[in-house]
Novice: 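Pasting a structure here, questions to come.
When reading the values below, keep in mind they use all heavy atoms of this one structure, side chains included, and skip hydrogens, waters and symmetry mates. In this text, all values refer to a predicted model and were calculated from it rather than measured experimentally.
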Amino acid sequence: MSILPNILFAILLILGGGYFAQNVKKLIRNIKLGQKVDRSDNPSERWKNMAMIALGQSKMVRRPVAGILHIFVYIGFVIINIEVLEIVIDGLFGTHRVFSFMGGFYDFLIGSFEILALLVIIAVVTFWIRRNIVKLKRFIHGDLKGWPRNDANYILYFETVLMFLFLFMNAADFHLQHVPGGFGHYNQAGAFPISQYMAPIFDGMDNHVVEMLERATWWLHICGILVFLNYLYYSKHLHILLAFPNTYFANLKPQGQFDNLESVTNEVKLMMDPNADPFAAPAPDADAAPAKFGASDVQDLNWVQLMNAYTCTECGRCTSSCPANQTGKMLSPRKIMMDTRDRLEEVGKNIDKNKGVFVPDGKSLLNDYITPEELWACTSCNACVEECPVNISPLSIIMDMRRYLVMEQSAAPMELNNMMTNIENNGAPWQYNQMDRLNWKDEA
């Protein structure tokens, strides 16, 4: 038997796996551009979140139709990849259906894979119809133009082709297994509840032609998987990999509780301490003041927020639930995440181009990607955070960028500036002297 196919397969595997590893390394590098934040507290609660939300899909099924269909695709993607392990072993060592020694359990596995493949095809076709024929509002929203909209369809086409190749490969295998007197190494192994109904298309064909078709679909199937694996980095489907760490490192604080800037907190404590010397030099180990308050670019956000941007599935549940967006405001939480990812990718390419060093490009996330009008439209209601199926928080990015506008640029809306002035002068949001607050009780 020629070992050339095995060598070619090994080369293909090394190239596909190597390019994927290179992209993963770049992904980790980009996420680490963010500021440090400690998310190591309460590991038991974090593991529970990951199990319930990422693995159990608990937030997906809040919208039952899409949720259940997504579970079909999700389970199919995870379980059918067990079959990829067999393909890899067969490809490297020249075996055929190496796990067939499992007997009845192998029959169960192959049968399950085929049923899941059919369910995946049904789900994917339904998703395509919802996007392109029914045209659900969140899928034709203005922030989903061009590549993001096409990307979603490309993924659906990819998944459909991969499932059909799998079933077609099995159908050819099934046909050759039942050739009278046997044919080559195609011994009877596996159960084929779906592909057996496709096998009659090979009736009357020369067995060698069927073998060539089986081999061709086998190669196309594994090549397609490797191409899809490397497509993930450029696609919204990256959430397949990042949903698990994203849910684990999600913020466990009550919704609506925001972090204080440590430097500002220290200043307030200093002001409130009657024994403190405001002119004393800071302790040598004291944290230095940050370069800026809030965030104007991706490097100012923390690493969890940057991972959120890469994890975004662009499903639009956040935007469809946003009250500001529903009333016609410019704000779209989905766009906030997509813009953050786009800017982060731009920064990453800048670093690659300049041999590992970021060279200022005159751009920033604020203004070049996200406008102040979008930021101030947010009501901070947390609807987007509550709706996200993988615990992404667009609100945290919005609030950090607002903080920059207020504390660095004094660029808050006039109404907010008036309120802050009143608090400073009168100790309350209203433009009344403290002595006059109870005057209303004297009114007739």
Novice: Looking at Met52, I want to see if its CE is surrounded by more than 12 non-hydrogen atoms of other residues, nucleotides or ligands under 6.0 Å.
Specialist: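 12 or below, so no.
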Novice: Are Met337 and Ile397 close enough, and set up right, to give a side-chain contact (heavy atoms from CB on, under 4.5 Å), and what steps lead you there?
Specialist: CA-CA 9 Å; Met337 303 315 301; Ile397 295 176; 3.7 Å; yes
Novice: Ignoring hydrogens and angles, state whether a donor on the side chain of Ser332 or Thr319 is under 3.5 Å from an acceptor on the partner side chain.
Specialist: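 Checked: Ser332/Thr319 side chains pair up, N/O donor to acceptor below 3.5 Å.
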Novice: When you measure from the side chain of Gln299 to the backbone N and O of Gly34, does any donor-acceptor pair fall under 3.5 Å?
Specialist: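 Flag not set: sc Gln299 to bb Gly34 has no pair under 3.5 Å.
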Novice: Does Phe101, at its CZ atom, have more than 12 non-hydrogen atoms belonging to other residues, nucleotides or ligands within less than 6.0 Å?
Specialist: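 It does: Phe101 CZ has more than 12 such atoms within range.
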Novice: Where is the tightest heavy-atom contact between Trp218 and Gly91, given as atom of each residue plus distance?
Specialist: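 That closest heavy-atom pairing would be CH2-CA, 3.6 Å.
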Novice: Scan Asn422, Ile423, Thr421 and name whichever one has a side chain to side chain contact (heavy atoms under 4.5 Å, CB included) with Asn425.
Specialist: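 Filter result, single survivor: Thr421.
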Novice: Using side chain to side chain contact (heavy atoms under 4.5 Å, CB included) as the criterion, point out the one residue from Leu344, Leu241, Asn246 that pairs with Tyr310.
Specialist: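 Of the listed options, the one satisfying the test is Leu344.
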Novice: At their closest point, which heavy atom of Ala66 faces which heavy atom of Met60, and how far apart are they?
Specialist: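 It is O-CE, 4.3 Å.
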Novice: With rounding to the nearest 0.5 Å, note down the distance linking CG in Leu252 to CZ in Arg46.
Specialist: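 With rounding to 0.5 Å, CG (Leu252) is 4.0 Å from CZ (Arg46).
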Novice: Is it true that a side-chain atom of Asp173 and a backbone atom of Met169 form a donor plus acceptor pair closer than 3.5 Å?
Specialist: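 Flag not set: sc Asp173 to bb Met169 has no pair under 3.5 Å.
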Novice: Quick check for you: to the nearest 0.5 Å, what is the distance between Ile240 atom CD1 and Thr313 atom OG1?
Specialist: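 These two atoms lie 11.0 Å from each other.
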Novice: How many angstroms lie between atom CD of Glu374 and atom CD1 of Ile398, to the nearest 0.5 angstrom?
Specialist: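 CD1 of Ile398 is found 9.0 Å from CD of Glu374.
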Novice: Is the shortest side-chain heavy-atom distance between Leu33 and Phe358 below 4.5 Å?
Specialist: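 No, every pair of side-chain atoms sits at 4.5 Å or beyond.
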Novice: Taking the side chain from Asp400 and the backbone from Leu301, do they hold a donor-acceptor pair closer than 3.5 Å?
Specialist: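 It does not hold such a pair.
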Novice: Evaluate Phe20 against Tyr233 for side-chain contact (heavy atoms from CB on, under 4.5 Å), listing each step before the verdict.
Specialist: CA-CA 8 Å; Phe20 175 71; Tyr233 178 80; over 6 Å; no
Novice: Does a sphere of radius 6.0 Å around CD in Gln255 hold more than 12 heavy atoms from other residues, nucleotides or ligands, not counting ones at 6.0 Å or beyond?
Specialist: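 Atom CD in Gln255 is crowded, with more than 12 foreign heavy atoms closer than 6.0 Å.
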Novice: Would you check if the distance from the ring center of Trp147 to the ring center of Tyr234 is below 6.0 Å?
Specialist: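 No - the distance between ring centres of Trp147 and Tyr234 does not fall below the 6.0 Å cut-off.
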Novice: Trp303 vs Phe249 aromatic rings, parallel, tilted or perpendicular, using cut-offs 30° and 60°?
Specialist: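 Plane angle over 60°, so perpendicular.
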Novice: If I compare all heavy atoms of Ala172 with all of Glu214, which pair ends up nearest, and what's the gap?
Specialist: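 Here Ala172 and Glu214 meet closest at CB-CB, 3.6 Å.
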Novice: Quick check: are there more than 12 heavy atoms from other residues, nucleotides or ligands sitting under 6.0 Å from CZ of Phe164?
Specialist: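 Incorrect, the count does not exceed 12.
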Novice: For the residue pair Thr126 and Arg130, establish whether any side-chain heavy-atom pair is separated by less than 4.5 Å.
Specialist: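 Thr126 vs Arg130: side chains touch.
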Novice: For Glu345, is there any backbone N or O sitting under 3.5 Å from a side-chain donor or acceptor partner on Asn30?
Specialist: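 No; judged by distance alone, with no hydrogens or angles, the pair does not exist.
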Novice: Are the side chain of Asp90 and the backbone of Arg97 linked by a donor-acceptor contact shorter than 3.5 Å?
Specialist: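 Between the backbone of Arg97 and the side chain of Asp90 there is a qualifying donor-acceptor contact (under 3.5 Å).
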Novice: Assess the residue pair Arg62 and Glu386 against the criterion (side-chain contact (heavy atoms from CB on, under 4.5 Å)); give the C-alpha distance rounded to whole Å, side-chain angles, the decisive distance to 0.1 Å, and a yes or no.
Specialist: CA-CA 11 Å; Arg62 291 179 181 176; Glu386 181 65 27; 3.3 Å; yes
Novice: Check the pair Leu156 / Asn153 against side-chain contact (heavy atoms from CB on, under 4.5 Å), numbers first and verdict last.
Specialist: CA-CA 5 Å; Leu156 298 179; Asn153 282 326; 4.1 Å; yes
Novice: Just checking, is any N or O donor in the side chain of Ser393 or Asn391 under 3.5 Å from an acceptor N or O on the other one?
Specialist: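 Note: Ser393 and Asn391 side chains miss the donor-acceptor criterion.
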Novice: Nearest 0.5 Å, please: how far is OG in Ser235 from CD in Glu314?
Specialist: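 Here the rounded value is 7.5 Å.
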Novice: Taking all non-hydrogen atoms of both residues, which atom of Gln57 and which atom of His70 are closest, and how far apart?
Specialist: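 So the minimum-distance heavy-atom pair works out to OE1-ND1, 2.8 Å.
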Novice: Tell me whether the count of non-hydrogen atoms from other residues, nucleotides or ligands lying under 6.0 Å of CE in Met212 goes above 12.
Specialist: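 Not buried by this count: 12 neighbours or fewer within 6.0 Å.
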Novice: Report yes if some heavy atom in the side chain of Lys48 is under 4.5 Å from a heavy atom in the side chain of Glu45; otherwise report no.
Specialist: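 A side-chain contact exists here, since the closest heavy-atom pair is under 4.5 Å.
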Novice: Do His221 and Phe168 have ring centroids that are under 6.0 Å from one another?
Specialist: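 No.
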Novice: If I take atom CG from residue Leu365 and atom CG from residue Asp300, how far apart are they, to the nearest 0.5 angstrom?
Specialist: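 Taking CG in Leu365 and CG in Asp300, the distance rounds to 9.0 Å.
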Novice: Taking the basic N atoms (NZ, or NE/NH1/NH2) and the acidic carboxylate oxygens, is any pair closer than 4.0 Å for Arg343 and Glu346?
Specialist: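 So Arg343 pairs with Glu346 through a salt bridge.
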Novice: Any side-chain heavy atom of Leu405 sitting closer than 4.5 Å to one from Trp376?
Specialist: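 Side chain of Leu405 against side chain of Trp376, heavy atoms only: contact under 4.5 Å found.
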Novice: If you compare all heavy atoms of Pro389 against all heavy atoms of Lys59, which two are closest, and at what distance to 0.1 Å?
Specialist: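 For Pro389 and Lys59, the tightest heavy-atom pair comes out as CA-CB, 3.9 Å.
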Novice: Taking the basic N atoms (NZ, or NE/NH1/NH2) and the acidic carboxylate oxygens, is any pair closer than 4.0 Å for Arg29 and Asp352?
Specialist: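 The answer is yes: the pair qualifies as a salt bridge.
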Novice: Thinking salt bridges, do Asp259 and Lys253 make one under a 4.0 Å N-O criterion?
Specialist: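 A salt bridge links Asp259 with Lys253.
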Novice: Mind listing the closest non-hydrogen atom pair of Tyr248 and Met50 along with its distance?
Specialist: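 Here Tyr248 and Met50 meet closest at CB-SD, 4.1 Å.
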Novice: Report yes if some heavy atom in the side chain of Phe108 is under 4.5 Å from a heavy atom in the side chain of Ser112; otherwise report no.
Specialist: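 Phe108 reaches Ser112 side chain to side chain.
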Novice: Should we say atom OH of Tyr19 is surrounded by more than 12 heavy atoms from elsewhere, each under 6.0 Å from it?
Specialist: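 Atom OH in Tyr19 is not packed in, count stays at 12 or less.
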Novice: Contact between Asn325 and Leu331 at the side-chain level, heavy atoms closer than 4.5 Å - yes or no?
Specialist: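 Counting from C-beta outward, Asn325 and Leu331 never come under 4.5 Å.
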Novice: CD1 of Ile392 to CD of Glu387: how many Å apart, nearest 0.5 Å?
Specialist: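 Going from the CD1 atom of Ile392 to the CD atom of Glu387 covers 13.0 Å.
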Novice: How about CD on Gln326, more than 12 heavy atoms from neighbouring residues, nucleotides or ligands closer than 6.0 Å, or not?
Specialist: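 Buried by this count: over 12 neighbours within 6.0 Å.
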Novice: If we only count heavy atoms from C-beta on, is the Ile110 to Phe99 side-chain gap below 4.5 Å?
Specialist: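 The answer is no; the side chains never approach within 4.5 Å.
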Novice: Are the side chain of Asn354 and the backbone of Asn350 linked by a donor-acceptor contact shorter than 3.5 Å?
Specialist: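 Looks like yes, one N/O pair under 3.5 Å.
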Novice: Any salt bridge between Asp143 and Arg334, counting N to O under 4.0 Å?
Specialist: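 The answer is yes: the pair qualifies as a salt bridge.
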Novice: Short question: side chain of Arg402, backbone of Cys378 - any donor-acceptor pair under 3.5 Å?
Specialist: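 Judged by distance alone, yes, a pair lies under 3.5 Å.
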Novice: Under 3.5 Å, side chain of Arg341 to main-chain N/O of Ala309, donor-acceptor pair present?
Specialist: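 No; judged by distance alone, with no hydrogens or angles, the pair does not exist.
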Novice: What I'd like to find out is whether the side chain of Glu159 reaches to under 4.5 Å of the side chain of His237, using heavy atoms alone.
Specialist: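 A side-chain contact exists here, since the closest heavy-atom pair is under 4.5 Å.
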